[in-house]
Each structure stands twice: as C-alpha cells, then as structure tokens.
Amino acid sequence: MKKLAITGGGPLDGEVRASGAKNATLPILCAALLSDQPLDISNVPHLEDVTTTNRLLGQLGADITIDEKYGVHVHAQNLTSHEAPYELVKTMRASILVLGPLLARHGAARVALPGGCAIGARPVDIHIAGLRKMGATIDVEAGFIDAKAGRLQGTRIVMETVTVTGTENLMMAATLAQGETVLENAAREPEVVDLADCLRAMGAQIEGDGTTTIRIQGVDALHAAKHRVVPDRIETGTFLVAGVLTQGRVKVRDTRPSLLDAVLGKLETAGAEVSTGDDWIEVNMHGQRPRAVSVHTAPHPAFPTDMQAQFCALNAVADGVGTVTENVFENRFMHVPELQRMGADISLEGNTAIVRGQPRLKSAPVMATDLRASASLVIAALAADGETVVDRIYHIDRGYECIEEKLAQLGAKIRRLNA
Ligand code: EPU
C-alpha cells in the first residue's frame, strides 16, 4: 500500500501550476457519449478517476486515445454496451454521469446504484426523478438503475436540493431531448459551466449555466468538438492553504482567481496577503502565523465543501478558535480523528468542528479516508514537527495530479513510500 512521508518544517516558498479540474473532466468525458463524432479534450489531469472513467467509456464501446501532452480523444461512434458495472461504480461514484448521456443517445442505460461512501449517503434520487420527468422509465432493482426511453421530452424540472452531478446528468440528457428543458435550482459550480461550454462547442443549445435556471433547447445530434478543461479550483485552493499554514509564500499559475472568491476571502481573513492576475494567485504570510477563521460550506458561490478539510488543518495551527460547519454532506469529518492524532485540538458538535489552534502539530502515522481528507492530512503534516506518514494515499491520487512533485517544487520534504 502506497504511503506519503512528509517532514514538516519551514515555510513553503515557490510556484506551482494548477492542473485541469477533475470534477469538470469527468462529466466532459461522459459527454462524449452524446455524439457519434469525436471530442478532443485538453488540460486533462492525470488522475486515477480519469483512468477509471476512460475504462468505463471503453467498456461502453468508445475509442479512446491519449496523446503525449495528455489530451484525450474520445470517439463514441458506436456504443456496444449500455451498462456501467458495479466494479467501476463502487470505486468512483461519478460513474453515474454516464446515465443521462446513455439514455439520451442510446435509449437505454443500466448503471449500478452507487452506495454510500465515506462522506455520506449520497443518493441519486434527483437524477432519477428528473429523467423520469423527461419520459424515461426507470426501475431501481437489485442494486442497478435500469432506464429506458424513446426520445426524451423537454420539461421543467425543479431539483429539490442543489446537486452538481444531478444538474450535469440532466443537462447532458436534455441536449438531445425533444423541445425545451428548464432546470430550476441548478448547481452553479464552475464545473457545470465548463461542461455547458463543452456541450455548446458540440452544438448544444444551453443558456443560463452559472445561474440557478438553465434552459436547454434539444437538438437532433451533437457534433465533433475540442474543449480545454477549466483549472482545478480545489487543487489551487489546497496549495494556497498549504502556503498559508506553513507561514510561507505560494504562487499558483494557470488558474483562475474568479473561481475562488469565497476561499480567497477567508485566506485574507486568516492574515494572508493575496495578490492575483488573470491566471495566477499568490498568497504570502511573510512568516506570520495565520489567524483562525470560521467557514460554513454551501453550494457555489459560497464556501466549497471540498475545501473544508483543508481549513480544519489551517485552523489547527492558527492563532485563536475557528469553527468549520459542513452543510453539504452529513459525514465529512473523517479527517478530524486523524488530525487529533497529530495533536490538533478539535471537538465536533453536530455538523460543526470547533478548532482551537496550536502553535505546532506533532508527526504521527495517519490514514487517508477520502480525497479531501487526505489532502488535509498532507498539508497538516507540512506544519508538524518530525516525519508524518500518511497511509492509503490512493485516495489522494484520485484527485491530485503529481501531488508530491508539486509540493516538492514548493520546497516541501515529501516522498512516496511504495511499501
Ligand atoms: N443529493 C441528494 N440526491 C441526489 C443528489 C444529491 O440528496 O440525487 C444530496 C447529496 O447527498 C448531498 C448534496 O445533495 O448532500 C449535494 O451533493 P451533490 O450531488 O452536489 O454532490 P455530487 O454531485 O455527488 C460533486 C463533486 C464532489 C463535491 C460535491 C459538492 C463531482 C464528480 N463530485 O459531487 O466532489 O464535493 O459535488 O460540491 O463533481 C471531491 O472532488 O472530493 C468531491 C467529493
């Protein structure tokens, strides 16, 4: 089992490039199923979840070519299967994103029902209800979603909760439906907008993405297109927090500051000098200890749940008491007991973590439990005395491209143990 060994110590100081966003790449790869013509996607991060999605698309009959610069060419000329098996879905919940495209293009989809996961129950009832409203017949039985449809029909769908992949699935399905689909209470995440940009390049007619109401006029077919994936705002934010918590200076290039308003505001409150350009962000602590900050997670443009664990780590070494309230997932504090092993003073009250900052953390063996929890342990280790070994880092490889190379570039002492 692979591990990361991190020796905490001095401040990070340096510059690093943001990769393309995982959570934009996965739906965009699935969007290739909507057309019999090729989709060329660039700025695709090299991640386990991308490999899993490529395997899934391959099983459905798509041809996939990966070129040297890690662009991905997906050509779903003929679909030979419409089943997403449990073996793949259980390792990556985002496999549910093939449901809408398969149903819209192929008229049938059989997708294993994603179970619960470390961060909560994560049902997909809103995806299913929306597709039923568009005319699909869907049975959920023996752990599978079995869906069939003639041509989907445009309709108005009011989503009961803001759901990112739910919005993406329904938006993709609606591109090939008969007539207009209106999605209300839609997710406004930048990754939804990036998917809409890609779909428009393929010939889809979509308006209102980035707002709570998305309107899609169905077309008969989508065509070949090229798309460059938006920068990863969560990876960007993770490196910036690492800079702040080590009292250092970190510049992230090839990113987009407007995607991180809520996070940058909190880093300024923590005492960071934040500077931005069109495609870069720099934080500088000038050797000062950060101040504790309080955050409440909510759908975009509010503070993202995917940055919550990293702010627990930041508060663990900050001056003062900070609270971190998780409102999106019911069980996203798996990092707390691990941070406590490193000497963090954190108590949990319902969905709020109360974090009392300590001047230093201490190294300890810890275990990654999910993607963002792992990121919080790695950055906490940068501010801990001694060497911390983080076990089960396959979680981090699912979502952070070349994490140890990038952190080493910023001056971190980090190495991978292939034990
Ligand atoms: N929900 C329902 N019913 C549904 C769908 C969602 O009740 O049919 C609930 C969920 O249980 C949750 C809330 O709605 O409480 C929001 O979940 P959402 O559907 O938005 O999450 P998701 O689409 O499964 C995506 C990201 C997550 C990110 C969340 C929230 C992808 C592939 N995943 O998940 O990313 O945390 O949105 O922003 O886009 C990560 O990258 O580490 C990660 C977990």
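Atoms within each ligand, like the ligands themselves, are counted from 1 in listed order.
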Candidate with minimal heavy-atom separation from [atom], of [options]:
atom	options	value
atom 25 (C) of ligand 1	Thr297, Val164, Ile128, Ile96	Val164
atom 16 (C) of ligand 1	Asn327, Leu97, Val162, Thr161	Val162
atom 5 (C) of ligand 1	Pro304, Ser95, Pro123	Pro123

What protein heavy atom is closest to [atom], reported as residue, atom name and distance in Å?
atom	value
atom 12 (C) of ligand 1	Val328 O, 3.4 Å
atom 3 (N) of ligand 1	Asp125 OD1, 2.7 Å
atom 19 (O) of ligand 1	Thr163 OG1, 2.7 Å
atom 43 (C) of ligand 1	Asp306 OD1, 3.5 Å
atom 32 (C) of ligand 1	Asn23 OD1, 3.4 Å
atom 44 (C) of ligand 1	Arg332 NH2, 3.5 Å
atom 22 (P) of ligand 1	Thr165 OG1, 3.6 Å
atom 21 (O) of ligand 1	Phe329 CZ, 3.8 Å

Dump the intermediate steps for side-chain contact (heavy atoms from CB on, under 4.5 Å) on Asn327 and His296, then the final yes or no. CA-CA 7 Å; Asn327 297 309; His296 293 73; 3.9 Å; yes
Which of parallel (below 30°), tilted (30 to 60°) and perpendicular (above 60°) describes His335 and Phe333? tilted
With under 30° as parallel and over 60° as perpendicular, where do the rings of Phe303 and Phe311 fit, or are they tilted in between? perpendicular
Roughly how far apart are Ile379 CD1 and Gln310 CD, rounded to 0.5 Å? 5.5 Å
Can you tell me if [X] contacts ligand 1 (heavy atom of the residue under 4.0 Å from the ligand)?
X	answer
Gln308	no
Lys22	yes
Arg93	no

Check each atom of ligand 1 against the heavy atoms of His127 and keep those under 4.0 Å away; list them by number with element. 8 (O)
For ligand 1, which atoms have a heavy atom of Val124 less than 4.0 angstrom away? 4 (C), 8 (O)
Basic-acidic side-chain contact under 4.0 Å: Glu191, Arg233: yes
Region of [X] that comes within reach of ligand 1 [heavy atoms, distance under 4.0 Å]:
X	value
Leu371	side chain
Thr305	side chain
His395	neither
Arg122	both

Without swapping roles, check the side chain of [X] against the backbone of [Y] for a donor-acceptor pair under 3.5 Å.
X	Y	answer
Asn315	Val293	yes
Asp232	Lys22	yes
Thr51	Leu47	yes
Glu235	Tyr400	no

Residue of the set Val250, Thr246, Val252 for which side-chain contact (heavy atoms from CB on, under 4.5 Å) holds with Leu410: Val250
Can you tell which of Glu387, Glu405, Glu404 makes a salt bridge (Lys or Arg N to Asp or Glu O under 4.0 Å) with Arg415? Glu387
Pairs in or reaching into residues 368-380: which pass salt bridge (charged side-chain N to carboxylate O under 4.0 Å, His left out), with residues at least two apart or in two chains? none
Once salt bridge (charged side-chain N to carboxylate O under 4.0 Å, His left out) is applied, what residue pairs with a partner in residues 147-158 remain, sequence neighbours excluded? Arg151-Asp220, Arg156-Glu184
Polar contacts were defined as any N/O atom of the residue lying under 3.5 Å from an N/O atom of the ligand; does this apply to Ile126 and ligand 1? yes
Does an N or O anywhere in Arg372 fall below 3.5 Å from an N or O of ligand 1? yes
